[in-house]
Amino acid sequence: MMARDLLQQVTGLNLTEAVVGRAVERRMQATALEDARAYERLLAGSAQELSALTELVVVPESWMFRDAEAFVAATAFIGRRLAASAARPVRILSVPCAGGEEPYSMAMSLYSAGVASADYAIDAVDLSEVALARARAGLYTRNAFRGRHLDFRERFFKPAGAEFQICDEIRRQVSFEQANLLDPGFSSRPGYYDVIFCRNLLIYFDDPTVALAIASLARLLAGDGILFAGYAEVPAFCRNGFTSLRAPGAFALEKDGAHASWPARIPARQQARVPAAPARARSATPAAPPARNAARARRCRPHRLRRRPTCWRARGARPTWATTRAPPRPAANCWRPIPVRPTPTSSSAWSANANRRWTPPATTGAAAST
Ligand SMILES: C[S@@+](CC[C@H](N)C(=O)[O-])C[C@H]1O[C@@H](n2cnc3c(N)ncnc32)[C@H](O)[C@@H]1O
């Protein structure tokens, strides 16, 4: 089997000849093989070589609080879930997690909202061992911090040379594991997760692979759970058994016919606004459609999504969650000022920032010039 077919079969990624050609060239140099056929024979017989080649074609790009509204919405959802029933910790999955930026952002968001560490667990999965090694180390370059609002970096990271080291409080909240979303065994725990992040991977798959991946995620997601997708991936989820929830900029979905404890379902008089995610530097975003169009918009018509993924937005449908029913434990009371708590470390650089109120940062998609 040719290198491209093999890679596509294993990863699901839709790869161009050029991308595969460059990767094969690099591996031929690394293995000191000059003959392409000899390299293909090596590739066919060595899982280790296949893994090394795979590392060269994956796109492990991510950054802290990428599409920050998703973390606002997830935190609100988790707060409400814990308020309703704190019988067990909320289970969160980030797949793919790349270098850990996404699951760590979730952990920072929950920590800042005062959610106790025992009340949630985050599993983070990726195909790339290289990306996972970075995630486990928790060491990031400036490229992981984009946008202008980087208060969280002062609070949760400490400088380590030219890089930034995440604090242990956040690091130990996430369990990393290498796995392939497309493996049949991946969804062996039906209904296990309350919250799933699957963002910016399906865009690299072809349609049958997308359907396979979504079927696997649907099996893993609890009946009343929610899933966060990348904005360009929402239509694919809607075509494969999911319904978009009204969460502007968060790209949240539930399974068709499910009833996620989504804040937008709470009658208006019971609602209390949570701090909205900061305005993003996307001035070209068209105005949200009027509320009466919400039902129509929720059908996620792909032709509108191609312009901007705002078709399911409804005015006034910002993430909210009920506060009339008092949460059983203060830890679950999201979005009140951050309680005074032990600092992540005794380091004065960190402790100086430990009790600041935190708000999710705005992301611009451009690397910060800090
Ligand atoms: C662009 S990153 C997305 C990271 C993060 N979710 C985000 O939105 O920033 C894509 C990641 O998908 C991983 N990946 C590719 N194919 C995969 C597969 N079949 N199963 C699990 N992870 C995969 C890559 O290793 C890469 O780290």
Side-chain angles (χ1 to χ4, degrees), residues 1-31 33 36-37 39-63 66 93-103 123-136 175-189 193 196-221 227-237 239-240:
M1 193 185 279
M2 302 292 282
R4 183 169 172 230
D5 298 332
L6 195 55
L7 281 171
Q8 218 145 337
Q9 192 186 65
V10 171
T11 64
L13 301 172
N14 231 337
L15 301 163
T16 64
E17 289 287 2
V19 166
V20 177
R22 277 194 297 274
V24 166
E25 233 169 76
R26 283 178 63 186
R27 287 307 305 162
M28 284 175 67
Q29 276 171 14
T31 53
L33 285 174
R37 284 186 190 282
Y39 180 73
E40 271 176 15
R41 278 196 299 277
L42 169 69
L43 188 62
S46 162
Q48 204 180 347
E49 183 53 37
L50 180 56
S51 166
L53 186 64
T54 302
E55 291 292 349
L56 298 179
V57 299
V58 293
V59 186
E61 199 198 358
S62 189
W63 57 92
R66 182 178 194 175
L93 173 68
S94 164
V95 55
C97 66
E101 297 86 347
E102 183 175 271
D123 292 334
V125 167
D126 201 281
L127 188 62
S128 163
E129 284 288 11
V130 172
L132 287 167
R134 203 155 37 90
R136 289 188 185 105
S175 307
F176 292 100
E177 199 186 331
Q178 197 269 345
N180 187 338
L181 170 61
L182 302 174
D183 277 351
F186 187 78
S187 55
S188 60
R189 294 167 125 180
Y193 290 103
I196 294 180
F197 284 82
C198 184
R199 310 190 303 168
N200 305 304
L201 171 58
L202 304 194
I203 41 172
Y204 300 107
F205 290 168
D206 60 19
D207 284 349
T209 313
V210 164
L212 198 71
I214 293 179
S216 180
L217 294 165
R219 268 194 299 280
L220 282 172
L221 186 65
L227 180 143
F228 293 91
Y231 82 89
E233 295 159 338
V234 171
F237 277 97
R239 284 195 301 272
N240 287 280

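The residues of the chain are indexed from 1 along the displayed sequence. As the structure is a computational prediction, the values presented were derived from the model and not from experiment.
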### Query
Just by modelled atom types, is the Thr209 backbone N or O under 3.5 Å from a matching donor or acceptor in the Asp206 side chain?
yes
### Task
Give, for atom CG of Leu221 and atom CD1 of Ile196, the distance between the pair rounded to the nearest 0.5 Å.
4.5 Å
### Task
For side chain to side chain contact (heavy atoms under 4.5 Å, CB included), just list the numbers for Tyr39 and Leu53, CA-CA rounded to whole Å, side-chain angles, deciding distance to a tenth of an Å, and then say yes or no.
CA-CA 11 Å; Tyr39 180 73; Leu53 186 64; 3.8 Å; yes
### Query
Would you call Arg199-Glu233 a salt bridge at under 4.0 Å N-O?
no
#### Entry: Leu42 and Arg27: CA distance, side-chain angles, deciding distance, side chain to side chain contact (heavy atoms under 4.5 Å, CB included) verdict
CA-CA 11 Å; Leu42 169 69; Arg27 287 307 305 162; over 6 Å; no
### Message
Tell me whether Glu177 at atom CD has more than 12 heavy atoms from other residues, nucleotides or ligands lying less than 6.0 Å away.
### Response
no
### Pairwise distance OH(Tyr204) to OG1(Thr11) - rounded to 0.5 angstrom
12.0 Å
### Query
With the threshold set at 4.0 Å, does a side-chain nitrogen-carboxylate oxygen contact exist between Arg134 and Glu101?
yes
### With Phe197 via ring-ring contact (aromatic ring centres under 6.0 Å, His included) - residues at least two apart
Phe71, Phe228
### Summary
Gln178 and Leu127 have their tightest heavy-atom pair at NE2-O, 2.8 Å
### Task
Find out whether Arg189 and Asp123 are in side-chain contact, i.e. whether some heavy atom of one side chain is under 4.5 Å from a heavy atom of the other.
yes
### Message
Closer than 3.5 angstrom, by distance alone: can the side chain of Thr54 be matched with the main-chain N or O of Leu50 as a donor-acceptor pair?
### Response
yes
### Query
Donor-acceptor pair, Glu102 side chain versus Ser94 backbone, under 3.5 Å?
no
### Query
Roughly how far, to the nearest 0.5 Å, is SG of Cys97 from CG of Leu132?
5.0 Å
### Message
Within this structure, what is the CG-OG distance for the pair Leu56 and Ser128, rounded to the nearest 0.5 Å?
### Response
10.0 Å
#### Entry: Asn180 CG to Phe186 CZ distance, which is reported to the nearest 0.5 Å
8.5 Å
### Task
Could you grab the distance from atom CG of Leu202 to atom CG of Leu217, nearest 0.5 Å is fine?
7.0 Å
### Task
Output yes when a side-chain donor or acceptor of Asp126 lies under 3.5 Å from a complementary backbone atom of Pro96, and no otherwise.
no
